[in-house]
Each structure stands twice: as structure tokens, then as C-alpha cells.
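Structure first, commentary second.
In the text below, chain A, chain B and the rest are named by the order of the sequence lines, each starting its count at 1. Model, not experiment: these values are computed from the prediction.
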2 protein chains.
Amino acid sequence: MTQSNSNEPRGGPENPVPQAVVSRLSLYSRELQQIQQEGKETISSTQLGSLLGFTDAQVRKDLAYFGQFGYPGIGYRCAELIEAIQQILGTDQDWPIAIIGVGNLGRALLGYRGFSRQGFRVVAAFDADKSQTGVQIDGITVYHIDDLTDVTRREGIRLGVIAVPGSAAQEVAVRLVEAGMVGVLNFAPVTLNLPDGVRIVGVDLAIELEQLSFAVVNRASNA
Amino acid sequence: MTQSNSNEPRGGPENPVPQAVVSRLSLYSRELQQIQQEGKETISSTQLGSLLGFTDAQVRKDLAYFGQFGYPGIGYRCAELIEAIQQILGTDQDWPIAIIGVGNLGRALLGYRGFSRQGFRVVAAFDADKSQTGVQIDGITVYHIDDLTDVTRREGIRLGVIAVPGSAAQEVAVRLVEAGMVGVLNFAPVTLNLPDGVRIVGVDLAIELEQLSFAVVNRASNA
């Protein structure tokens, strides 16, 4: 779940794209890739929706924000729709990313296979602790935070993932922006203040647990 | 972001509560707590919405799924609405939770302050590696996975957080259910198959990065 200043409209203020729609695009893309691997070339909105627990109307409405993708009597062509969604999400681009902080969370993220699977390439890690400088973690070099700007420019890093304690997060975020990064994924449990042009997505893991407690508490109503 | 089989209606199939609404309840609750700490007792839907980047209509519509909370000419009473939301989310209950797997991710989660802040109490960790048995991490004891059922019953653990590699996740999930847990938060990048009565929320961190790339790619349209 995401709290962010990134929930901006694609089509201008008159036709904003809700953040939930963007999240669902990610799910559609994963499901389509799975379907394609199983050798299917096309899928209907009903089939795609039912695989994810959504209605066909929801699928069509979500995609309609971005264009016309279905073919009458055929449905969606998987390869074509995957490519379109990747273009919408920007994941057809190269996104060299850096992880800031190599404590347990930073190390977990460096070992996380899910990023590269979606085209995000972790190219560097940074830490303020000099004893970590030069260390390799899962094949990624840890640099000292003072080398942030140099390495960011050299590697063309665009997104930074903040995995430092909350007390250090704002200062780190400012340094990421100064180094030229355009987006920040923030795991620290604080709200960041950054210039308008910089996008921030905050990850609050307790929200996922609250979704779970809600689901458990309310399951009786589906019996 | 969450892919789950937990997105079940509160009010039955005719009046389902979208998962995005549940996520927003979490945000409202955090913001209201913040406002309350600043000494304010009431807030309008317009003010609450604008703090989070939502319209007042969105706030009212979200809350209307669960009842009537506002007062004409006053707005929402913070303390009352916080209590109502906690009841809806189930976070007014005690949720002893366990973390399974004490690699980097498990350790990061054991040190994560955000869970306890929202009332989730981590009471135990488990790992299949016997060298970890009995170790204390951030004050939490690591048990061997073979003691799962005993400890779960003794501590009344209801939710399990899966922080093991994908290859082990399904087997671990089945053991959590056998031990009596009713909800699973899954960080492993695999889809779990569990009995109908068990709730699963899956955490896919790449989806957060995709939200970020979308926001960066589409920011030009807000200029």
C-alpha cells in the first residue's frame, strides 16, 4: 500500500488516474505474463478479471483510462497488452536504482528478486557507515553516502530506495534529490518533504497487516 | 500494494468494500491520530481529504460504507472516528503475530516499529535453521519451526508473516494454517493456495516501484 504525492493524473486534473488503477495495471501485467508463459496468446476481460478476482467491467474500465486495447470476438492480445502496460507504467525504460542503507531492510531489498523481474536494476547501495564501504552484497557494491552524487551521475541512477532509520530519512531524501534522482521509494515511517518535481512513494507495511486484520474480522459476512 | 483473496465484502456480495477503501481507512486513521496529537478535536471531510490529497466527496463516500460519522456544522470528531475505524479494521483487537524466517527480511520486520505502532504485537519468530533456535532478535525469541503449533497455541498467535524464500513459502503457509493461524501476510513472491477460511495478503514490493516509475513518467502531464 502506498501513500504518496505521486498519485497524479495522467490525463490532467479533469481525468485523473486513481492510484488503485495503477496498482491494478501491475497485477494485470503479471497475470498476462503468466498466461503468455502458459502458451495462450489472447484472453478476454472476463477471464483476466476472474483470475484476479475482479469483474470484467473493472478490467475494461481500468484499461480505458489509457486507450482501446481489446478486439471484438478476440479479447486482448497478451503480448500487445503487456507491452502497452509496460509503456504506461514506464517499466519499458531502464531504471537504474540505488538502495540507501544496508541494515537488515537494505540487505533484504538487495536480495529481493522481485525488482529485477520487473525490470528495475539495482546498481548501487549506499551507507553512512564507513566499515560497509566497498563491501559487496548480492553482487552490488556498497558506496559511502558521501559518494552519492558521483555514483548517481556515473551510473545514471534515477530512483532511490530509502531503507535508513526514520531519523535519517529526510536528510537522505534531500541528498538523493541533490544527486539528481527523480523518484524516491520510502520505507522509513516518516513523511518526506521534497521539491514538487520529485515523486515519492511511501511504503507502510502496517497497512498490509491492517488489510489482513480487516479481512479476518469481516470474513463472517461472506459465509 | 496488495494482491489477495482477502478483498471480500463487508456487507455481502451486494455491497462489497473495495480493497482501496480499506487501504484509505488506514490512511485516515493515521492522519486523524496526527491531527489529534496536534490538539484538534474535530476535522471536516474537506480538511481531512486535502491532507491526503483526496476530495471531500471521496472521504465521505469511503466512510459511508461503514456508517454515518460526521456531524452537521462540526465535521468528524477525531477520537470517535479513530475508534470507529480501528473497530472496522479490527485493530482494536489484540493481534499477536509471528514472523516466519529470520533472514534479512525477517530481521528487518522484527525491527520494524510500524507494526506495534498500529497495535500488532510480534510475539515470536520461527526458522528452520536450528542454529537460530533460542536466539533473541529485538527482544523476540526465535523458535524452531517444528515448535510452531505449540507456540502458536500458547501465545494465541493469529497472524503469520511469511519471510522465507519463495521455494519454502507454500509449505510454511500450510503449517501456519495447521497451527491455527487465520491470516497470512506473504512477502514471498509466490501465490499461495490455502483453504477458503484463511485470509492471505500478498506484498509485492516491485508494485510500489512501478507506481513510482508511473508517477515519474507521467509527471509532465501535471505541469
So, for A/A206 and B/R30, which heavy atoms are closest and what is the spacing to 0.1 Å?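 In this case the closest contact between A/A206 and B/R30 is CB-NH2, 3.5 Å.
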Show the nearest heavy-atom pair for residues B/L205 and A/Y112, with the distance to one decimal.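 Nearest pair, atom of B/L205 first, then A/Y112: N-OH, 3.0 Å.
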Name all residues meeting the side chain to side chain donor-acceptor pair (under 3.5 Å) criterion together with B/S131; count only those two or more places apart in sequence or in a different chain, and write none if there are none. B/D129
Which residues satisfy the side chain to side chain donor-acceptor pair (under 3.5 Å) test with A/N193, sequence neighbours excluded?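 Partners of A/N193 by the side chain to side chain donor-acceptor pair (under 3.5 Å) criterion come out as none, since no residue qualifies.
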Would you indicate whether the side-chain heavy atoms of B/L209 and A/W95 approach each other to under 4.5 Å?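 SC-SC contact between A/W95 and B/L209 ruled out.
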Can you check whether B/V201 reaches A/F214 side chain to side chain, under 4.5 Å on heavy atoms?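 Heavy-atom side-chain distance check fails, nothing below 4.5 Å.
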Test side chain to side chain contact (heavy atoms under 4.5 Å, CB included), reference B/L212, set A/V161, A/L159, A/V184, output is A/L159
What residues, two or more places apart in sequence or in another chain, satisfy side chain to side chain contact (heavy atoms under 4.5 Å, CB included) together with B/K61? none
Is atom CD of A/E83 surrounded by more than 12 heavy atoms (other residues, nucleotides or ligands) closer than 6.0 Å? no
Taking atom [atom1] of [X] and atom [atom2] of [Y], what is their separation to the nearest 0.5 Å?
X      : Y      : atom1 : atom2 : answer
A/L27  : B/I207 : CG    : CD1   : 4.5 Å
A/E31  : B/T191 : CD    : OG1   : 7.5 Å
B/E208 : A/F120 : CD    : CZ    : 11.0 Å
B/Q118 : A/D204 : CD    : CG    : 6.5 Å

Test side-chain contact (heavy atoms from CB on, under 4.5 Å) applied to A/E210 and B/L25, step by step: CA-CA 9 Å; A/E210 291 177 15; B/L25 286 187; over 6 Å; no
B/S29, B/G90, B/S26: which one forms the most heavy-atom pairs within less than 4.5 Å of chain A? B/S26
Residue from B/A163, B/G166, B/S213 scoring the most non-hydrogen pairs under 4.5 Å with chain A is B/S213
Within residues 97-110 of chain B, which positions have a heavy-atom distance to chain A below 4.5 Å? B/I97, B/N104, B/L105, B/R107, B/A108, B/L109
